[in-house]
Amino acid sequence: MSSPMASFALFFFTLIVLSSSCRYAIGSPNNKTFLSLASRIGINYGRLGNNLPSPYQSINLIKSINAGHVKLYDADPETLMVLSQTNLYVTIMVPNNQIIPIGADQAAADNWVNTNVLAHYPQTRIRFVLVGNEILSNNSDQDKQTWSSLVPAMRKIVTSLRARGIHNIKVGTSLAMDVLRTSFPPSSGAFREEVAAPVMLPLLKFLNGTNSFFFLDVYPYFPWSTDPVNNPLDFALFQSNSTYTDPQTGLVYTNLLDQMLDSVIFAMTKLGYPNVRLAISETGWPNSGDIDETGANILNAATYNRNLIKKMTANPPIGTPVRPGSPIPTFLFSLFNENQKPGSGTERHWGILNPDGTQIYEIDFSGTRPVPSPGSLPKPSNNVPFKGNVWCVAVEGASEAELQQALNFACGQSNATCAALAPGRECYAPVSLTWHASYAFSSYWAQFRNQSSRCYFNGLARETTTNPGNEHCTFPSVTL
């Protein structure tokens, strides 16, 4: 078990697959139409940024990369109006907080369809309505109430669409890989016990009965990055010459994505639904991230996404080892780097475009152009874990009012956090807001990182490997 692939297998045997956030096919019963749609990659268009282009500009950018489908995280009327002037297929979403009322009331579903579908369809080529986003990834009492309302809400949306004569819009929901209890080897794939019978069974019955898709948010980056020393990067980037053979089925895998997809197919099969079609509602690779987020870089992102497009646009379709030759509608995540997404650094770096519309790396969604040489992209320096000290400091140009508020927050959580900043203490001078905030951020992060705190502070902080202290003041640091 000392070889990289052996370590890889050992890791995935115990993996409960991670998630955090493709393409599409119009769920028409017409197989020719389905194949046509599934051969074109889609893009996720999120808007959690304060520096992003207008919907009009964004849709033009989507057309410029030859995407065939755009997935929204809402049903924004301005965006849907712009899309009505294009040939792009469109996926819209029912927000999580509307699932319970829609699930309880057909009139609420009718109102949602009237407002968000009929107002734009058929001029806007809506093909999917997704009810909620990764709702099974949270498990508070309120979340569990949403779980139980999911399938009733999906049924009511379908009822409303059919009552209005709409039959070529499919209804689904996007779920993360953490819906699985086990995923490796793929044949051991099984849903978590608390959702298998009460949620997944009725959901699969619904998807099967309506000929819809199981939409999956699937990111090989996350399981790979939990052990980047022993997990082969090439296997995650579709570049490996090595293979893995499932000991139960004898199926041979050449990449991590296929393993993850097939584990879901096996989980569905164990509940009696082996034929529900898969669609990838999100996948991608981060182009940057925090210092401890190994492998998040432009070269890996370009390699993953380019190879993904090549795989998913192949003609005839490649499929997976369990379903060879089966097309998989796929939406890549995401259009832009979104600077207002909370969490770790990778959360704000999944885009293929900068906010000004320039490409972070060259990419073409049609799959018809030759894959560009990676030689022009920056050589990565973080494909192995960083070892050393890291500090958390204030970003340049931050608003003084916001910086003061964040400083107050950091110092208010513990008496020890900012004790060294008191007048006469070793870190009091120089007396500047940026200096005091940087010390407070580093101290807070070092103190609470084990409780999942991040060096972010609403975008006011960044990580650095350069010691910001001086001969009189030692800044607390995190050791990686």
Side-chain angles (χ1 to χ4, degrees), residues 4-5 8 12 18-23 40-44 65-67 177 217-244 253-261 280 282-291 293-314 318 320 328 330-337 344-354 358-386:
M5 286 307 297
F8 183 78
F12 273 98
L18 303 173
S19 170
S20 291
S21 205
C22 280
R23 186 194 294 182
R40 299 165 64 195
I41 297 289
I43 186 72
N44 283 276
I65 58 174
N66 293 317
M177 283 293 292
D217 295 352
V218 52
Y219 291 98
Y221 170 75
F222 289 121
W224 170 80
S225 65
T226 57
D227 188 9
V229 173
N230 294 311
N231 296 337
L233 178 60
D234 285 351
F235 196 78
L237 298 178
F238 307 100
Q239 292 186 312
S240 179
N241 293 322
S242 302
T243 61
Y244 171 77
Y253 291 88
T254 61
N255 64 81
L256 181 49
L257 179 67
D258 281 351
Q259 287 188 333
M260 298 170 78
L261 295 174
I280 298 176
E282 289 182 11
T283 192
W285 196 281
N287 58 64
S288 186
D290 293 336
I291 292 170
E293 293 183 299
T294 306
N297 57 64
I298 291 176
L299 180 60
N300 290 348
T303 302
Y304 178 87
N305 287 331
R306 290 168 177 173
N307 288 336
L308 172 81
I309 291 171
K310 181 179 179 181
K311 171 181 169 65
M312 294 303 182
T313 58
I318 295 174
T320 71
I328 305 171
T330 302
F331 292 86
L332 194 147
F333 187 85
S334 63
L335 183 61
F336 296 114
N337 283 344
S344 65
T346 53
E347 285 297 307
R348 294 174 288 283
H349 291 93
W350 292 92
I352 60 169
L353 302 180
N354 293 302
T358 57
Q359 290 191 350
I360 296 172
Y361 46 86
E362 186 179 351
I363 193 164
D364 177 70
F365 278 43
S366 69
T368 59
R369 298 180 186 174
V371 176
S373 167
S376 61
L377 298 176
K379 185 177 180 180
S381 60
N382 68 341
N383 280 344
V384 295
F386 174 82

(message) For a quick test of reading the model, state the closest non-hydrogen atom pair linking Ile43 to Ala67 and the distance between them.
(response) CG2-CB, 4.2 Å
(message) Can a side-chain donor-acceptor contact be found between Glu293 and Ser344 if the only test is distance below 3.5 angstrom?
(response) yes
(request) Verify, without hydrogens or angle tests, whether Asn44 (side chain) and Ser334 (backbone) share a donor-acceptor contact under 3.5 angstrom. (result) no
(request) Keeping the roles fixed (side chain from Arg306, backbone from Glu362), state whether a donor-acceptor pair exists under 3.5 Å. (result) yes
(request) Say whether, by atom type as modelled, one donor and one acceptor occur between the side chain of Trp224 and the main chain of Asn231 under 3.5 angstrom. (result) yes
(message) So does Gly351 get a backbone contact from the side chain of Asn337, meaning a donor-acceptor N/O pair under 3.5 Å?
(response) yes
(message) Checking side-chain polar atoms at under 3.5 Å, does Asn287 have a donor or acceptor matched by the opposite partner on Tyr361?
(response) no
(request) Return yes if some donor-acceptor pair links the side-chain N/O of Thr313 with the main-chain N/O of Ile309 below 3.5 Å, else return no. (result) yes
(request) Evaluate the side chain to side chain contact (heavy atoms under 4.5 Å, CB included) criterion for residues Asn66 and Thr368: first the C-alpha distance (whole Å), next the side-chain angles of each, then the deciding distance (0.1 Å), finally the verdict. (result) CA-CA 10 Å; Asn66 293 317; Thr368 59; over 6 Å; no
(message) If I take atom CD1 from residue Ile328 and atom CD1 from residue Ile318, how far apart are they, to the nearest 0.5 angstrom?
(response) 9.5 Å
(message) Let me confirm one number: the OG1-CG distance from Thr358 to Leu353, rounded to the nearest 0.5 Å.
(response) 7.5 Å
(request) Given side chain to side chain contact (heavy atoms under 4.5 Å, CB included), test Ile352 with Ile360 step by step and report yes or no. (result) CA-CA 6 Å; Ile352 60 169; Ile360 296 172; 5.9 Å; no
(message) Show the nearest heavy-atom pair for residues Met260 and Pro223, with the distance to one decimal.
(response) CE-CG, 3.9 Å
(request) Apply the test side chain to side chain contact (heavy atoms under 4.5 Å, CB included) to residues Thr303 and Trp285: give CA-CA distance (whole Å), side-chain angles for both, the deciding distance (0.1 Å), then the verdict. (result) CA-CA 9 Å; Thr303 302; Trp285 196 281; over 6 Å; no
(request) State whether the side chain of Thr283 and the backbone N or O of Val218 hold a donor-acceptor pair below 3.5 Å, judged by distance alone. (result) yes
(message) Within the 4.5 Å heavy-atom criterion, are Val229 and Val384 side-chain neighbours or not?
(response) no
(message) What's the separation between atom CZ in Phe235 and atom OG1 in Thr254, rounded to the nearest 0.5 Å?
(response) 6.5 Å
(request) Just jot down the side-chain contact (heavy atoms from CB on, under 4.5 Å) partners of Asn383, sequence neighbours excluded, or say none. (result) Leu233, Asn297, Asn300, Pro380
(message) So, taking the atom named CG in Asn255 and the one named OG in Ser240, what distance separates them when rounded to the nearest 0.5 Å?
(response) 9.0 Å
(message) Tell me the closest heavy-atom pair linking Pro220 and Ala236, and the distance in Å.
(response) CB-O, 4.4 Å
(request) Identify the heavy atoms of Asn305 and Gly284 that sit nearest to each other, and give their distance. (result) OD1-CA, 3.5 Å
(request) Determine whether Tyr221 and Thr346 make a side-chain contact, defined as any pair of heavy atoms from C-beta on separated by less than 4.5 Å. (result) yes
(request) Let me see the working for Lys379 and Leu299 under side chain to side chain contact (heavy atoms under 4.5 Å, CB included), right down to the final yes or no. (result) CA-CA 7 Å; Lys379 185 177 180 180; Leu299 180 60; 5.9 Å; no
(message) Let me confirm one number: the CG-CG distance from Leu257 to Asn307, rounded to the nearest 0.5 Å.
(response) 11.5 Å
(request) Take Phe222 and Trp350, measure what ring pair (Phe, Tyr, Trp, His ring centres under 6.0 Å) needs, and give me the verdict at the end. (result) CA-CA 13 Å; Phe222 289 121; Trp350 292 92; 5.8 Å; yes
(message) Restricting to non-hydrogen atoms, name the atom on Pro286 and the atom on Ala301 that form the minimum distance, rounded to 0.1 Å.
(response) O-CB, 3.8 Å
(message) Return the OG1 to CG distance between Thr320 and Leu261, rounded to the nearest 0.5 Å.
(response) 6.5 Å
(message) For Tyr304 and Phe238, take the angle between the two ring planes, folded into 0 to 90°, and tell me which bin it lands in: parallel under 30, tilted 30 to 60, perpendicular over 60.
(response) tilted
